[in-house]
Amino acid sequence: MPQELSKAYEPGAIETRWAEYWVKEKLFSVATPPAGETRPVFTLLLPPPNVTGRLHMGHMLNQTQMDIVVRWHRMRGFITLWLPGTDHAGIATQMMVEKQLQSEGKKRRDMGREAFIERVWDWKRHYGGAILDQMKRLGASVDWDREYFTMDENLSHAVREVFVQLYEQGLVYRGNYIVNWCPWHETAISDLEVKHEEVPGKLWEIRYPVIGTNEFITVATTRPETMLGDTAIAVNPKDERYVHLHGKKVLLPLMNREIPIITDELAQPEFGTGAVKVTPAHDPNDFEAGKRHNLPQINVMDGHAHMNENAGRFQGLDRYEARKRVLHDLTEHGFLVGEKDYTLALGKCDRCGTVIEPRLSEQWFIKIKPLAERAIEVVQNGAITIVPENFRQVYLNWMANIHDWCVSRQLWWGHRIPAWTCTACQHVTVAREAPLTCDKCGSMELEQVSDVLDTWFSSGLLPFTTLGWPETTRDLDAFYPNTLMITGFDILFFWLARMIMFGCHFMQGHRQDATIKKASGEANRKDDSVPFRHVYIHALVRDAERQKMSKTKGNVIDPLEIIERFGTDATRFTLAAMAAPGTDIAFNESRTEGYRAFANKIWNAARFMFMNVERIGGGAGAPARELQNMPGIAGFTAITLEDRWILSRFNRVAADVHDALAAYRFHEAANRIYDFFWGEFCDWYLELIKPRLNMQGEAAKAACANLVNLFDAALRLLHPVMPFITEEIWQTMYEGNPPAKSIALMPYPQADVKQFDLGAETEMSILQDLIVSVRNLRAELKVEPKVKVPVEIYAHEPEIRAMIDHNRAALERLANVEKITFVAGSLAKIAGARSTARFDVHIVYERKIDVAAECERLKKELDKIDKGITSGQRQLGNQQFLAKAPANVVENLRKQQQELALLHEKTQSKLKELGCR
RNA sequence: GGGCGGUUAGCUCAGUUGGUUAGAGCGCCUGCCUUACAAGCAGGAGGUCGCAGGUUCGAGUCCUGCACUGCCCA
């Protein structure tokens with residue numbers, strides 16, 4: 001391959017090519033580490049996207065961050081396992097296929113369970129891989145050989161095992177409880193799947209006649225149709241208004257049932273009339289109260305939220321129709337006595353938006369407290385660390401107030417609960433495999449419970465089931481606990497919390513391979529049952545207006561469309577650069593545009609390098625892999641000031657990037673690399689070495705070799721964030737004979753403290769100041785860009801003067817200067833001179849400066865200087881400050897004050913000289 | 001109702017344990033097609049860090065209150 005890049009940077013072409021290459025070459029496949037493995041291990045589980053999913057920005061943010069961390073670790077020599085897979089997503093998938101059926105005029109129930117499930121599998125085989133293909137476009141460096149699906153046989157087997165074990169341990173129970181019922185999906189859903197929304201509504205007041213008196217008792221309700229199932233009226237025992245009615249009964253209007261007045265804390269005297277209706281079958285609080293008082297539970301609705309046979313003449317009506325009719329009838333009979341506007345928090349199904357109906361039904365639950373206790377402990381004792389730290393408290397609070405988990409769903413698609421009902425005696429047998437006979441009566445007439453498990457039940461097991469559990473495997477020894485979990489806070493409770501509970505419970509007593517654990521830097525961790533040792537919670541991606549993206553709002557930004565326009569690298573860089581921990585990301589296209597420009601910059605810098613390598617030939621070429629594994633840039637020979645400077649700067653950026661990535665400060669890492677590459681390497685270093693590259697012989701070869709080595713290291717530094725462009729350039733550099741199959745398998749640059757050069761950095765910054773000052777003056781004097789000007793420089797420190805003299809070629813080139821004269825006295829008084837504490841510079845040019853403008857500029861500058869002087873003096877004159885502030889702060893302030901004083905003097909005299917007012 | 005976050009340049013955002021004269025990108029203004037790059041280069045304007053107090057030698061950073069705003073939980 002010739003060392004040549006196309007003139008234009010076109011991300012689309014190179015990205016798809018490398019994405020395919022990485023997958024085809026199985027570059028990221030990880031073999032099970034053998035016993036005695038001494039390398040560190042890094043394990044990360046991909047939060048499995050829904051099999052029905054389409055890639056959205058949230059996925060992309062999540063995957064970008066994971067891929068950065070993963071590539072970083074891999075390059076640092078960790079055995080890095082990133083495990084991908086998809087989730088069967090019970091409700092979502094079932095819905096998707098049902099809709100498909102609907103369009104064919106078919107219905108799930110007409111088909112029957114088996115045919116329907118076969119149909120879903122069909123769908124999965126055809127379309128289920130879409131999101132994974134999209135992931136490939138992102139460059140996610142996962143191990144595709146280990147891809148899983150939550151309904152795979154081995155994972156399903158593990159699910160049954162877990163359920164049965166929990167059952168045997170008494171942590172599963174079944175019973176009639178109030179659950180959140182979605183009438184659209186016709187299934188129970190968990191508390192987490194209900195979203196509360198404040199909506200304007202009404203509060204109706206209904207009066208119930210008290211039997212044996214001519215009194216009424218008035219209650220308030222937002223759901224009058226449920227009164228049909230009332231089985232009591234409750235008043236607070238302390239409420240004096242109702243003491244005389246204790247023990248009496250009321251006649252339930254419309255139904256003409258007698259129901260008791262009970263005393264219960266359920267009724268709060270300060271709310272409404274202080275009396276409440278009690279409907280145990282349709283409200284969780286009423287349900288509890290009903291149990292306390294042994295009240296009957298009358299369910300008045302069916303699974304579609306239509307009124308059932310218990311609703312008398314309202315049977316068959318939809319709940320809202322029933323509400324209208326009930327209100328109408330109540331009014332007609334004089335029972336409705338009030339109607340007020342009221343804001344209610346309406347629970348809606350997270351997926352379809354249908355208003356949830358609290359409904360009494362038979363469901364399966366996990367007794368969660370025992371699991372939660374361990375899950376609290378491992379976070380409190382540091383076995384799991386959560387970043388950012390505030391989520392630790394969110395997690396602990398939630399865990400402390402956790403409710404039993406309803407795990408049964410009235411769906412067909414999912415892991416069917418391994419329980420069988422005996423048609424003879426109704427006893428339920430829970431077993432790993434279909435039992436032949438009933439546990440209790442021995443009947444052979446058994447029927448499997450039709451419910452399936454909540455999708456999160458199986459995904460909560462993934463950290464260990466994907467590694468082979470319930471078998472004891474070498475993979476578990478090596479890779480469990482996973483090192484890290486990166487996810488959004490939106491599934492903190494859904495998923496993360498459950499993984500921790502399940503992991504700690506089922507992996508109790510597990511020990512990670514001690515050698516690997518130590519090598520991975522986790523030797524001090526005591527508890528190996530946790531699913532992962534570190535958690536990083538990232539923010540949400542919002543649209544440019546900070547709105548949460550949603551299909552209904554139509555403000556969804558499609559990452560693939562952004563990628564199409566700007567490239568994956570630029571999109572990844574955007575997400576990384578904006579991902580400051582703890583704050584949401586308002587996705588802003590203009591940033592991506594900017595980062596595409598950055599990629600373009602890199603591209604062109606590479607073209608420049610290749611041009612020179614081609615021309616200069618020989619001697620150019622990156623050092624061997626062994627050398628690249630050493631800190632700093634091993635093959636770099638610091639000859640000139642700019643060499644020493646860039647080497648020092650490179651080591652600093654490498655150190656900073658390491659620290660930033662170690663703390664999940666992706667934005668810092670990205671910005672640091674950006675500033676280095678563009679602001680230092682391209683803007684200054686490349687410009688400064690051009691003359692050397694244009695020389696003949698060894699000097700050019702040496703400069704070119706440095707350039708290549710530095711470029712190679714910079715590409716490796718950038719690779720985790722922008723994998724594609726770095727791969728493309730890197731592969732091109734090695735002319736088809738690279739030291740590894742991919743830059744992704746090369747060592748990550750490490751800082752070498754010995755290559756820090758503070759002296760070079762200081763000198764360079766003075767030189768930069770000088771060049772900028774001259775450019776400044778040129779602009780101010782409106783010197784034609786092509787005209788070279790003579791300059792006069794005064795530098796009172798001899799070593800600085802020498803340094804400038806030594807680098808006069810740089811000044812001449814970069815500021816378009818033709819003759820440099822060092823003068824003996826300060827130039828500060830000269831109109832149109834520029835001064836810093838280290839030098840004065842002046843350009844010799846016949847054109848006069850704009851005195852008024854210069855005066856204004858100088859005055860502004862003087863203001864700033866004086867402000868600094870005043871505050872500095874105040875501090876330095878303060879004994880408290882001198883006594884309490886750290887020595888280096890005082891020292892720096894003193895130095896700064898000296899410089900400011902000098903600048904003040906120079907500026908002042910210039911103002912005077914110009915005759916400014 | 002309880003909890004958590006945000007408020008910094010026209011816009012989008014950085015600014016980790018308090019410590020020089022608060023930064024970037026985009027946009028804007030001026031000038032350049034300078035042989036890597038006009039997706040670029042050079043120069044420039046632009047902020048009393050939401051408001052009011054407090055702690056401190058020193059506050060964008062810590063504390064209290066308020067305002068606005070977003071999210072989570074009930």
Side-chain angles (χ1 to χ4, degrees), chain A residues 5 7-9 191-192 194-196 345 347 388 390-391 393-394 397-398 401 489-490 492-493 539-540 542 544-548 566 570 574 577-578 580-612 659-660 663 665 667-668 670-671 674-675 678-679 682-683 686-687 690 694 771-772 775-780 782-786 813-816 857 861 863-869 871-872 874-886 888-890 892-897 899-900 903:
Chain A
L5 297 176
K7 191 158 192 315
Y9 165 61
D191 291 349
L192 286 172
V194 178
K195 293 296 155 218
H196 294 270
N390 56 314
F391 286 112
Q393 207 49 52
V394 174
N397 286 346
W398 186 79
N401 297 308
F489 69 82
D490 48 333
L492 185 68
F493 307 134
L540 238 55
R542 301 175 178 282
E545 273 75 51
R546 294 215 135 267
Q547 297 291 306
K548 199 168 169 173
F566 303 109
T574 310
M578 299 190 75
T583 46
D584 283 348
I585 295 173
F587 192 88
N588 196 322
E589 216 175 278
S590 73
R591 291 286 288 261
T592 315
E593 209 176 332
Y595 294 127
R596 179 189 55 180
F598 177 53
N600 187 54
K601 188 78 183 174
I602 296 168
W603 188 259
N604 282 298
R607 287 179 54 228
F608 175 75
M609 169 180 68
F610 289 134
M611 200 182 81
N612 283 285
D659 292 349
R665 302 177 65 82
H667 70 302
E668 213 169 271
N671 287 324
Y674 178 97
D675 289 340
W678 197 325
C682 289
D683 285 353
L686 287 185
E687 292 305 325
K690 276 179 182 173
N694 287 327
I771 291 167
V772 169
R775 285 172 176 169
N776 232 301
L777 285 170
R778 295 179 61 106
E780 203 166 312
K782 301 198 172 18
V783 179
E784 277 78 19
K786 287 197 175 108
R813 216 183 109 70
L814 298 188
N816 214 14
R857 190 185 67 78
E861 203 171 286
D863 259 11
K864 229 172 159 185
I865 293 166
D866 288 349
K867 232 169 86 186
I869 290 176
S871 90
R874 198 178 51 233
Q875 288 191 74
L876 287 171
N878 186 322
Q879 283 309 312
Q880 298 270 34
F881 172 70
L882 296 176
K884 291 183 181 171
N888 68 315
V889 171
V890 178
N892 284 342
L893 189 62
R894 284 224 167 89
K895 246 188 244 166
Q896 175 218 334
Q897 283 297 296
E899 295 195 353
L900 283 178
L903 274 176

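Side chains included, hydrogens not; waters and symmetry mates left out as well; all remaining heavy atoms used. All chains are named by letter (A, B, ...) in the order of the sequence lines, taking the proteins before the strands, and each is independently numbered beginning at 1.
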> Is there a side-chain contact between A:R813 and A:E687, using heavy atoms and a 4.5 Å cut-off?
Replying inline: yes
> Based on Watson-Crick and G-U pairs with both distances under 3.5 Å, what dot-bracket line describes RNA chain B 5' to 3', crossing pairs as [ ] and inter-strand pairs as |?
Replying inline: (((((((..((((.....[...)))).(((((.......))))).....(((((..]....)))))))))))).
>> Let's see if you can work this out: which of B:C41, B:G31, B:U16 has an atom nearest to the side-chain heavy atoms of A:D683?
In response: B:C41
> Is any side-chain nitrogen or oxygen of A:H667 closer than 4.0 Å to OP1 or OP2 of B:A24?
Replying inline: no
> If you pin A:V194 and A:W603 to their nearest nucleotides in RNA chain B, which one's is more 5'?
Replying inline: A:W603
> In whole Å, what separates the C1' atom of B:A22 from that of B:A14?
Replying inline: 11 Å
Give me the distances for all protein-to-nucleotides 44-46 of chain B N/O pairs that come in under 3.5 Å?
| unit_1 | atom_1 | unit_2 | atom_2 | d |
| --- | --- | --- | --- | --- |
| B:G44 | OP1 | A:N776 | ND2 | 3.1 |
| B:G46 | OP1 | A:K860 | NZ | 3.1 |
| B:G46 | OP2 | A:K860 | NZ | 3.4 |

>> Using atom C1' in both nucleotides, what's the gap between B:G5 and B:C13 to the nearest angstrom?
In response: 16 Å
> How long is the gap from CG on A:N694 to CG on A:N612, to the nearest 0.5 Å?
Replying inline: 7.0 Å
>> If the condition is side-chain hydrogen bond (donor to acceptor under 3.5 Å, both in side chains), which residues does A:Y9 pass it with, not counting sequence neighbours?
In response: none
>> Mind checking if A:E899 touches a base, just sugar-phosphate, or nothing, with heavy atoms under 4.0 Å?
In response: nothing
> Using atom P of each nucleotide, how far apart are B:U35 and B:U20 to the nearest Å?
Replying inline: 42 Å
>> What's the gap between B:U61 and B:U7 when it is taken at their P atoms, as a whole Å value?
In response: 11 Å
>> So if I take every side-chain heavy atom of A:N600 and compare against B:A39, B:C73, B:A36, which nucleotide ends up nearest?
In response: B:A39
Protein-nucleotides 17-21 of chain B N/O pairs under 3.5 Å:
| unit_1 | atom_1 | unit_2 | atom_2 | d |
| --- | --- | --- | --- | --- |
| B:G19 | N2 | A:Q875 | OE1 | 3.0 |
| B:U20 | O2' | A:Q896 | OE1 | 3.3 |
| B:U20 | O2' | A:Q896 | NE2 | 3.1 |

> Is it the case that A:N604 and A:R607 place a side-chain donor and acceptor less than 3.5 Å from each other?
Replying inline: yes
>> Is any side-chain heavy atom of A:K690 closer than 4.5 Å to one of A:F608?
In response: yes
Distances under 3.5 Å only, N/O to N/O: pair up the protein atoms with those of nucleotides 25-27 of chain B.
none

> Can you find a side chain N or O atom of A:K690 that sits less than 4.0 Å from OP1 or OP2 on B:U35?
Replying inline: no
> Is the phosphate of B:U35, meaning OP1 or OP2, less than 4.0 Å from a side-chain N or O of A:R607?
Replying inline: no
> Is the closest side-chain heavy-atom distance between A:Q897 and A:R894 below 4.5 Å?
Replying inline: no
>> Give me the distance, rounded to whole Å, that separates B:A38 from B:A42 when you measure between the C1' atoms they each carry.
In response: 13 Å
> Rounding to the closest angstrom, what is the interatomic distance between B:C63 and B:A74 at atom P?
Replying inline: 28 Å
> Is there a donor-acceptor contact under 3.5 Å from the side chain of A:R778 to the main chain of A:N816?
Replying inline: yes
> For atom C1', what is the distance between B:A24 and B:G15, given to the nearest Å?
Replying inline: 10 Å
> Of the nucleotides B:C73, B:G43, B:C41, which one has an atom closest to the side chain of A:R775?
Replying inline: B:G43
>> Using atom P in both nucleotides, what's the gap between B:G60 and B:G44 to the nearest angstrom?
In response: 26 Å
> Which nucleotide in the list B:C37, B:C72, B:G43 gets nearest to the side chain of A:F489?
Replying inline: B:C72
> Which nucleotide, B:C73, B:A36, B:U16, lies nearest any side-chain atom of A:K195?
Replying inline: B:C73
> Can you list the residues that meet the ring-ring contact (aromatic ring centres under 6.0 Å, His included) rule with A:F598, with sequence neighbours excluded?
Replying inline: A:F573, A:Y674
